[in-house]
Amino acid sequence: MDGQTWIETTRTAYDLVAADYAETLRDRLAGDPLERAMLGAFAELVPAGTGLPVADLGCGPGRITGHLHALGLPVFGIDLSPQMVAVARRTYPDLRFEEGSLLALDLPGASLAGATAWFSIIHAPTEQLPVICAELHRVLAPGAPLALAFQIGDEDLVHRDHAYGHDLSIYLYRRSPDLVARLLREAGLDLVARMRRETPDPDLPPAMYLIARRPAGHEVNTSYPKTES
Ligand SMILES: C[S@@+](CC[C@H](N)C(=O)[O-])C[C@H]1O[C@@H](n2cnc3c(N)ncnc32)[C@H](O)[C@@H]1O
(Lines give C-alpha, C1' and ligand atoms only; values in the text may rest on other atoms or scores of the structure.)
Protein backbone atom coordinates (compact mmCIF):
# COMPACT_ATOMS: atom_id res chain seq x y z
CA MET A 1 0.00 0.00 0.00
CA ASP A 2 1.53 3.35 -0.96
CA GLY A 3 1.91 6.29 1.40
CA GLN A 4 -1.25 8.11 0.36
CA THR A 5 -3.53 5.06 0.06
CA TRP A 6 -3.26 3.96 3.68
CA ILE A 7 -3.88 7.50 4.91
CA GLU A 8 -7.02 7.84 2.77
CA THR A 9 -8.27 4.34 3.63
CA THR A 10 -7.76 5.00 7.36
CA ARG A 11 -9.39 8.44 7.26
CA THR A 12 -12.41 7.16 5.29
CA ALA A 13 -12.94 4.24 7.67
CA TYR A 14 -12.74 6.34 10.84
CA ASP A 15 -14.99 9.02 9.35
CA LEU A 16 -17.58 6.30 8.79
CA VAL A 17 -17.42 4.75 12.27
CA ALA A 18 -16.65 7.86 14.36
CA ALA A 19 -19.96 8.11 16.25
CA ASP A 20 -20.27 4.35 16.84
CA TYR A 21 -16.61 4.01 17.87
CA ALA A 22 -17.16 6.80 20.41
CA GLU A 23 -20.26 5.11 21.79
CA THR A 24 -18.61 1.66 21.99
CA LEU A 25 -15.53 2.95 23.85
CA ARG A 26 -17.29 5.60 25.94
CA ASP A 27 -16.88 3.82 29.31
CA ARG A 28 -13.89 1.60 28.44
CA LEU A 29 -11.28 3.61 30.36
CA ALA A 30 -13.45 3.79 33.49
CA GLY A 31 -13.33 -0.02 33.65
CA ASP A 32 -9.66 -0.35 32.78
CA PRO A 33 -7.29 0.16 35.74
CA LEU A 34 -4.21 -0.85 33.72
CA GLU A 35 -4.68 1.78 31.02
CA ARG A 36 -5.47 4.38 33.68
CA ALA A 37 -2.29 3.40 35.53
CA MET A 38 -0.11 3.95 32.44
CA LEU A 39 -1.82 7.24 31.64
CA GLY A 40 -1.49 8.30 35.28
CA ALA A 41 2.25 7.52 35.25
CA PHE A 42 2.59 9.42 31.97
CA ALA A 43 0.76 12.43 33.46
CA GLU A 44 3.10 12.47 36.47
CA LEU A 45 6.14 12.38 34.18
CA VAL A 46 5.04 15.53 32.32
CA PRO A 47 7.35 18.27 33.61
CA ALA A 48 5.48 20.91 35.58
CA GLY A 49 5.65 24.61 34.90
CA THR A 50 6.86 24.55 31.30
CA GLY A 51 3.81 26.43 30.00
CA LEU A 52 3.75 23.96 27.09
CA PRO A 53 0.71 21.84 26.17
CA VAL A 54 0.40 18.07 25.90
CA ALA A 55 -0.93 16.55 22.66
CA ASP A 56 -3.06 13.44 22.24
CA LEU A 57 -2.06 12.34 18.74
CA GLY A 58 -4.63 10.25 16.89
CA CYS A 59 -7.10 11.23 19.58
CA GLY A 60 -10.19 9.77 17.90
CA PRO A 61 -13.28 10.84 19.86
CA GLY A 62 -11.11 12.38 22.58
CA ARG A 63 -11.63 9.87 25.40
CA ILE A 64 -7.91 9.86 26.32
CA THR A 65 -7.69 13.65 25.82
CA GLY A 66 -10.62 14.09 28.21
CA HIS A 67 -9.03 11.77 30.78
CA LEU A 68 -5.68 13.61 30.66
CA HIS A 69 -7.53 16.91 31.04
CA ALA A 70 -9.27 15.49 34.12
CA LEU A 71 -5.80 14.59 35.47
CA GLY A 72 -4.88 18.26 35.20
CA LEU A 73 -2.86 18.35 31.98
CA PRO A 74 -3.22 21.23 29.48
CA VAL A 75 -4.03 18.82 26.65
CA PHE A 76 -5.37 19.10 23.11
CA GLY A 77 -6.13 16.46 20.46
CA ILE A 78 -5.11 15.90 16.84
CA ASP A 79 -6.65 13.32 14.51
CA LEU A 80 -6.59 12.37 10.84
CA SER A 81 -10.37 11.93 10.64
CA PRO A 82 -12.53 15.07 10.42
CA GLN A 83 -15.52 13.11 11.76
CA MET A 84 -13.52 11.95 14.79
CA VAL A 85 -12.48 15.56 15.40
CA ALA A 86 -16.14 16.64 15.14
CA VAL A 87 -17.23 13.99 17.67
CA ALA A 88 -14.39 14.99 20.03
CA ARG A 89 -15.34 18.69 19.81
CA ARG A 90 -19.01 17.88 20.55
CA THR A 91 -18.10 15.63 23.50
CA TYR A 92 -15.48 17.95 25.04
CA PRO A 93 -16.51 21.47 23.97
CA ASP A 94 -13.97 23.09 26.31
CA LEU A 95 -11.01 21.26 24.77
CA ARG A 96 -9.18 21.94 21.50
CA PHE A 97 -9.16 19.36 18.70
CA GLU A 98 -7.56 19.75 15.30
CA GLU A 99 -7.16 17.73 12.12
CA GLY A 100 -3.62 16.57 11.42
CA SER A 101 -1.33 13.64 10.77
CA LEU A 102 1.32 11.95 12.86
CA LEU A 103 3.50 11.87 9.75
CA ALA A 104 3.82 15.66 9.51
CA LEU A 105 2.57 17.44 12.62
CA ASP A 106 1.73 21.11 12.22
CA LEU A 107 3.61 21.93 15.43
CA PRO A 108 6.89 23.73 16.08
CA GLY A 109 9.87 21.74 17.32
CA ALA A 110 10.15 21.18 21.10
CA SER A 111 6.64 22.61 21.58
CA LEU A 112 5.03 19.82 23.65
CA ALA A 113 5.42 18.97 27.34
CA GLY A 114 4.25 15.45 26.49
CA ALA A 115 2.39 13.40 23.89
CA THR A 116 0.24 10.29 23.72
CA ALA A 117 -0.44 8.14 20.67
CA TRP A 118 -3.00 5.64 21.95
CA PHE A 119 -3.62 2.93 19.35
CA SER A 120 -3.01 5.47 16.58
CA ILE A 121 0.32 4.20 15.18
CA ILE A 122 -1.40 0.89 14.38
CA HIS A 123 -2.38 1.82 10.82
CA ALA A 124 0.97 3.12 9.60
CA PRO A 125 2.89 0.73 7.34
CA THR A 126 6.07 -0.42 9.08
CA GLU A 127 8.31 1.59 6.74
CA GLN A 128 6.51 4.78 7.89
CA LEU A 129 7.28 4.21 11.58
CA PRO A 130 10.70 5.93 11.48
CA VAL A 131 9.01 9.04 10.03
CA ILE A 132 6.48 9.04 12.90
CA CYS A 133 9.21 8.48 15.52
CA ALA A 134 11.24 11.38 14.08
CA GLU A 135 8.14 13.62 14.22
CA LEU A 136 7.48 12.62 17.83
CA HIS A 137 11.07 13.38 18.77
CA ARG A 138 10.95 16.72 16.93
CA VAL A 139 7.81 18.06 18.66
CA LEU A 140 8.64 16.91 22.21
CA ALA A 141 10.50 19.38 24.40
CA PRO A 142 13.62 18.09 26.19
CA GLY A 143 12.46 15.96 29.14
CA ALA A 144 8.93 15.48 27.75
CA PRO A 145 7.40 11.98 27.91
CA LEU A 146 5.60 10.01 25.21
CA ALA A 147 3.02 7.26 25.85
CA LEU A 148 2.23 4.75 23.10
CA ALA A 149 -0.31 1.93 22.99
CA PHE A 150 -0.61 -0.71 20.28
CA GLN A 151 -1.55 -4.35 19.70
CA ILE A 152 1.36 -6.78 19.81
CA GLY A 153 2.40 -8.97 16.88
CA ASP A 154 5.23 -9.48 14.48
CA GLU A 155 4.27 -6.56 12.25
CA ASP A 156 1.35 -8.72 11.04
CA LEU A 157 -0.98 -6.88 8.67
CA VAL A 158 -4.69 -7.38 9.41
CA HIS A 159 -7.51 -6.33 7.08
CA ARG A 160 -10.95 -5.59 8.50
CA ASP A 161 -14.06 -5.33 6.35
CA HIS A 162 -16.49 -4.76 9.19
CA ALA A 163 -16.12 -2.72 12.39
CA TYR A 164 -18.37 -0.87 14.85
CA GLY A 165 -21.46 -1.94 12.90
CA HIS A 166 -20.21 -0.75 9.47
CA ASP A 167 -18.92 -2.41 6.33
CA LEU A 168 -15.61 -0.76 5.51
CA SER A 169 -12.03 -1.45 4.55
CA ILE A 170 -9.17 -0.75 6.95
CA TYR A 171 -5.71 -2.18 7.51
CA LEU A 172 -3.89 -2.35 10.82
CA TYR A 173 -0.62 -3.78 12.06
CA ARG A 174 0.03 -5.84 15.15
CA ARG A 175 3.33 -4.27 16.08
CA SER A 176 6.60 -5.67 17.35
CA PRO A 177 7.43 -3.98 20.70
CA ASP A 178 11.15 -4.52 20.15
CA LEU A 179 10.97 -2.86 16.74
CA VAL A 180 8.98 0.12 18.05
CA ALA A 181 11.39 0.47 21.01
CA ARG A 182 14.39 0.36 18.66
CA LEU A 183 12.91 2.95 16.30
CA LEU A 184 12.12 5.27 19.21
CA ARG A 185 15.71 4.94 20.44
CA GLU A 186 17.08 5.53 16.94
CA ALA A 187 14.95 8.69 16.76
CA GLY A 188 16.66 9.93 19.94
CA LEU A 189 14.10 9.01 22.62
CA ASP A 190 14.91 7.10 25.82
CA LEU A 191 12.75 4.15 26.84
CA VAL A 192 11.24 4.59 30.32
CA ALA A 193 8.83 1.66 30.73
CA ARG A 194 6.82 -0.97 28.92
CA MET A 195 3.80 -2.98 30.04
CA ARG A 196 2.50 -6.03 28.18
CA ARG A 197 -1.17 -6.61 28.70
CA GLU A 198 -2.34 -10.20 28.20
CA THR A 199 -5.74 -10.89 26.74
CA PRO A 200 -8.11 -13.57 28.07
CA ASP A 201 -9.32 -14.15 24.49
CA PRO A 202 -6.93 -16.32 22.40
CA ASP A 203 -8.32 -14.71 19.22
CA LEU A 204 -7.25 -11.23 20.32
CA PRO A 205 -3.65 -10.01 20.50
CA PRO A 206 -2.04 -8.76 23.71
CA ALA A 207 -1.35 -5.03 23.93
CA MET A 208 1.80 -3.05 24.61
CA TYR A 209 1.89 0.20 26.58
CA LEU A 210 5.17 2.00 26.31
CA ILE A 211 6.52 5.20 27.84
CA ALA A 212 9.54 6.97 26.34
CA ARG A 213 11.05 10.38 26.88
CA ARG A 214 13.08 12.92 25.00
CA PRO A 215 16.33 13.26 26.95
CA ALA A 216 16.43 16.39 29.06
CA GLY A 217 19.84 17.41 27.79
CA HIS A 218 23.00 17.71 29.77
CA GLU A 219 21.83 16.15 33.00
CA VAL A 220 24.41 15.89 35.78
CA ASN A 221 23.79 12.96 38.08
CA THR A 222 24.34 14.32 41.57
CA SER A 223 22.92 11.31 43.41
CA TYR A 224 26.28 9.58 43.90
CA PRO A 225 29.23 11.03 45.82
CA LYS A 226 32.14 11.97 43.62
CA THR A 227 35.16 9.71 43.97
CA GLU A 228 38.45 11.45 44.44
CA SER A 229 41.15 10.29 42.05
C1 LIG B 1 -8.05 2.98 17.17
S2 LIG B 1 -8.39 4.69 17.03
C3 LIG B 1 -7.80 5.27 18.62
C4 LIG B 1 -8.42 6.58 19.01
C5 LIG B 1 -8.07 7.06 20.42
N6 LIG B 1 -6.65 7.28 20.57
C7 LIG B 1 -8.58 6.08 21.43
O8 LIG B 1 -7.75 5.43 22.10
O9 LIG B 1 -9.80 5.94 21.53
C10 LIG B 1 -7.11 5.26 15.93
C11 LIG B 1 -7.21 6.74 15.66
O12 LIG B 1 -5.99 7.18 15.09
C13 LIG B 1 -6.26 8.06 14.02
N14 LIG B 1 -5.12 7.99 13.10
C15 LIG B 1 -4.69 6.94 12.38
N16 LIG B 1 -3.59 7.25 11.69
C17 LIG B 1 -3.30 8.55 11.99
C18 LIG B 1 -2.29 9.47 11.58
N19 LIG B 1 -1.36 9.12 10.71
N20 LIG B 1 -2.30 10.71 12.10
C21 LIG B 1 -3.27 11.10 12.98
N22 LIG B 1 -4.26 10.27 13.39
C23 LIG B 1 -4.27 9.02 12.91
C24 LIG B 1 -7.55 7.54 13.42
O25 LIG B 1 -8.23 8.52 12.65
C26 LIG B 1 -8.31 7.12 14.66
O27 LIG B 1 -9.11 8.15 15.19
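As the structure lists them, so they are numbered: ligands from 1, and atoms in each ligand from 1.
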message: Going by the rule side-chain contact (heavy atoms from CB on, under 4.5 Å), which residues pair with E99 if we only count those two or more places apart in sequence or in a different chain?
response: P82, V85
- request: Answer yes if L95 and L71 sit in the same cluster of Ile, Leu, Val, Met, Phe, Trp and Tyr residues linked by side chain heavy atoms under 4.5 Å apart, and no otherwise.
  value: no
query: Taking the inter-plane angle between the rings of F97 and Y92 on a 0 to 90° scale, is it parallel (under 30°), tilted (30 to 60°) or perpendicular (over 60°)?
result: tilted
Under 4.0 Å from ligand 1 - residues by heavy atom, chain and number: W6, T10, Y14, Y21, G58, C59, G60, R63, I64, D79, L80, S81, M84, G100, S101, L102, W118, F119, S120, H123
For residues 104-117, which side-chain N or O atoms pair as donor and acceptor with protein atoms under 3.5 Å away, sequence neighbours left out?
residue : atom : partner : partner atom : Å
S111    : OG   : P108    : O            : 2.7
T116    : OG1  : D56     : OD1          : 2.8

Counting only pairs under 3.5 Å, give me each side-chain donor-acceptor contact of residues 148-156, with atom names and distances, residues two or more places apart or in other chains.
residue : atom : partner : partner atom : Å
E155    : OE1  : T126    : OG1          : 2.6
E155    : OE1  : R175    : NE           : 3.2
E155    : OE1  : R175    : NH2          : 2.9
E155    : OE2  : R175    : NE           : 3.4
E155    : OE2  : S176    : N            : 2.7
D156    : OD2  : D154    : N            : 3.2

query: Under 3.5 Å, is there a donor-acceptor pair linking the side chains of Y14 and Q83?
result: no
